[in-house]
Structure formats: C-alpha cells, structure tokens
Amino acid sequence: MRLRRRVIQASLVVVGLSLLAAPATAQSVNRAAIDDLNEQLLYVALPLTLFVELTLVYVIYRFRNNDDPQPTVDDPALEVTWTAATGAILVFVGISAFVVMANPYITPAAAQAADGDDAFADDTEIDVLAYQWGWEFSYAEANVTTEERLVLPADRNVTFRLQTTDVIHAIYIPQLGVKQDIFPGRTMTARTRATDPGEYRLYCAEMCGAGHSKMDATVVVKNQSAYDAWLENRTATAG
C-alpha cells in the first residue's frame, strides 16, 4: 500500500510539472510550428508513458510472490482495443506531423512547387553560399555581400537561395527553426520569418571536412527600420 501511494504521488508530481512548465517564446514562425508539434506529441506521450509505467509497477508489486505463474488466457476484446488505440495514436501523430511538414516555412520547396515561382515574390531574398569552411550572404536588392554575418528583418518573410561551391553542407539556425541540406550543383530553398530581434548562431550541420567545427556564423535580427538603415549604410560603403 505504501509503495502504491508513493508511485501515485510521484506520477502526480510529474504531471503537475509538465503542465506548469511553459515553453519559451519562439523566435520565428518555423520555431513556433515545431514547438507546437512537440507540445502536442508530449500531451499524447506523457499519459501513455505514465499508464505503462504504473501498470508495470503494479504488476511487479502484485505478483512479486507468485511462485507458480500461469500463462495468460486469450482476450480478443483487449487485443482489438489496444491495436485500435495504437492505430488511432499513430494516425494522430502522422496527421500532426504532416500538417507541420506542409507548412511553407518548414518545407518551402514543396509550397513553391505547388504555387509556382511567384509563391514567395514578396519575400526578402538572400543568396547563401556555403564553402569549406565559411558562409557568404548576398542581398541582391542592395548589391550587398557579407561573410560570417547574416542580417535579417524582423516580422518579414525571408527566402534563402542556398548553394555550395564544393561538398554537401547544411544551414542550421536552431533558435529560428531553420535547417536545410545544401547539395553541389543544386539551388536549395529555405524560408523563415523571425519575430524576435536579437543575435543567434548559425551552424553547418553536415560533416564537411577538417574545418567543419569552425563553420559557423552570427545571425542578427533587426526591426525593419534598423534593417533598412543597416542595408543603406552597407550599400553606401560598398559604393
């Protein structure tokens, strides 16, 4: 009885902490979509985990002194129930994941293929060139190029045109939820809309050679007026 009470108390504490723990505010539309999916899956996984673990603890405690165990009898109703429940959970997980993967910020190439070349016509376009071992960012609208420093406008859609000069690389900005492999001879697409001005880190997430660990960059998100001023200043300097 004491063990059962402790297990129940521990379970209630775990449930309470999971409900009280509020996720940090997402810094981009991409990150918000990913966090929402993780939260949905957590609400499904947590009760299942508790149910399985509590059942396991109960069975161990209940039959700990059973010196003559007998095989269980067939129970078709129970088997159909847990098979149907498992199927329903998998369908829910599949639909939830599909909705996120169909998001034009998560899979922009699919959205562009469906809507045509003008799908992101109003986006700010930045050409990203990856090479061993660094990054180059080109702002075609202002004829500005930077290295190791990517500047983005806040609350505005941004499309990245990604290319590599040598091997496979991958752009990865964890806090903005951006990740895309870059293949030689192809132009890949990534997209985001940052919502929180600040500084973030960009990494190469594909092992690309001896200097892979040093292939990172700084991402700076500015409000629109500050971004326009930065772009104008860089244009004047380049001129």
Side-chain angles (χ1 to χ4, degrees), residues 4 6-60 75 77-115 119-120 152 154-155 157-160 162 168 170-182 188-196 198 200-207 219 221:
R4 186 183 306 176
R6 290 180 178 176
V7 170
I8 294 175
Q9 290 174 348
S11 302
L12 292 176
V13 170
V14 172
V15 173
L17 290 176
S18 65
L19 294 177
L20 292 175
T25 304
Q27 289 86 8
S28 73
V29 174
N30 310 55
R31 188 78 243 180
I34 295 170
D35 289 347
D36 287 344
L37 175 61
N38 289 337
E39 189 174 348
Q40 291 177 26
L41 298 182
L42 177 64
Y43 286 139
V44 173
L46 183 59
L48 289 175
T49 301
L50 290 175
F51 173 74
V52 171
E53 294 303 323
L54 289 175
T55 301
L56 178 62
V57 171
Y58 169 75
V59 170
I60 293 173
D75 191 338
L78 179 60
E79 294 174 4
V80 169
T81 299
W82 76 46
T83 301
T86 302
I89 292 170
L90 292 177
V91 169
F92 170 78
V93 171
I95 292 176
S96 299
F98 176 79
V99 170
V100 173
M101 291 302 296
N103 188 312
Y105 294 97
I106 303 298
T107 314
Q112 195 168 28
D115 299 335
F120 309 143
L152 305 177
D155 298 313
N157 293 331
V158 177
T159 296
F160 302 109
L162 309 163
I168 298 176
I171 186 172
Y172 181 40
I173 313 174
Q175 290 171 293
L176 299 185
V178 175
K179 188 175 186 296
Q180 175 62 56
D181 288 344
I182 313 171
M188 312 302 295
T189 302
R191 193 170 186 241
T192 190
R193 186 170 80 226
T195 56
D196 190 7
Y200 309 100
R201 297 302 297 167
L202 180 154
Y203 305 93
C204 176
E206 199 70 51
M207 182 61 186
V219 180
V221 178

Inset, instruction - Could you please spell out the steps behind the side chain to side chain contact (heavy atoms under 4.5 Å, CB included) verdict for Leu162 and Gln180? - result: CA-CA 9 Å; Leu162 309 163; Gln180 175 62 56; 3.6 Å; yes
Would you check if Leu176 and Tyr200 make a side-chain contact, meaning some heavy-atom pair closer than 4.5 Å?
yes
query = Can you check whether Phe160 reaches Leu152 side chain to side chain, under 4.5 Å on heavy atoms?
reply = yes
*In sequence, state the C-alpha distance, the side-chain angles, and the governing distance for Asn38 and Tyr43, and then conclude on side chain to side chain contact (heavy atoms under 4.5 Å, CB included).*
CA-CA 9 Å; Asn38 289 337; Tyr43 286 139; over 6 Å; no
For Val178 and Asn30 the tightest heavy-atom approach is CG2-ND2, 4.1 Å
Arg191 NZ/CZ over Phe120 ring centroid, <6.0 Å and within 45° of normal: yes
Between the CD1 atom in Ile34 and the CD atom in Glu39, the distance rounded to the nearest 0.5 Å is 14.0 Å
Subject >> Working for side chain to side chain contact (heavy atoms under 4.5 Å, CB included), residues Thr192 and Thr159 >> reply: CA-CA 7 Å; Thr192 190; Thr159 296; over 6 Å; no
Quiz item: Within a strict 4.5 Å, meaning less than it, do heavy atoms of the Ile171 and Leu202 side chains meet?
Solution: yes
In short, Gly177 meets Ser28 closest at the heavy-atom pair N-OG, 4.2 Å
CZ (Arg31) and CD1 (Ile173) are apart, to the nearest 0.5 Å, by 12.0 Å
I'd like a table of donor-acceptor pairs (distance under 3.5 Å, sequence neighbours excluded) in which one partner is a side-chain atom from residues 88-105, with atom names and distances.
| unit_1 | atom_1 | unit_2 | atom_2 | d |
| --- | --- | --- | --- | --- |
| Ser96 | OG | Gln40 | OE1 | 3.4 |
| Ser96 | OG | Phe92 | O | 2.9 |
| Asn103 | OD1 | Tyr105 | N | 2.8 |
| Tyr105 | OH | Asn157 | OD1 | 2.6 |
| Tyr105 | OH | Arg193 | NH1 | 2.8 |

dist Glu206:CD -> Ile182:CD1 (nearest 0.5 Å) comes out at 10.0 Å
From the list Thr195, Asp196, Val221, Val29, side-chain contact (heavy atoms from CB on, under 4.5 Å) with Asp155 holds only for Thr195
d(Gln27 CD, Gln175 CD) to nearest 0.5 Å is 5.5 Å
Value for CG (Leu37) from CG (Leu42), rounded to nearest 0.5 Å, stands at 11.0 Å
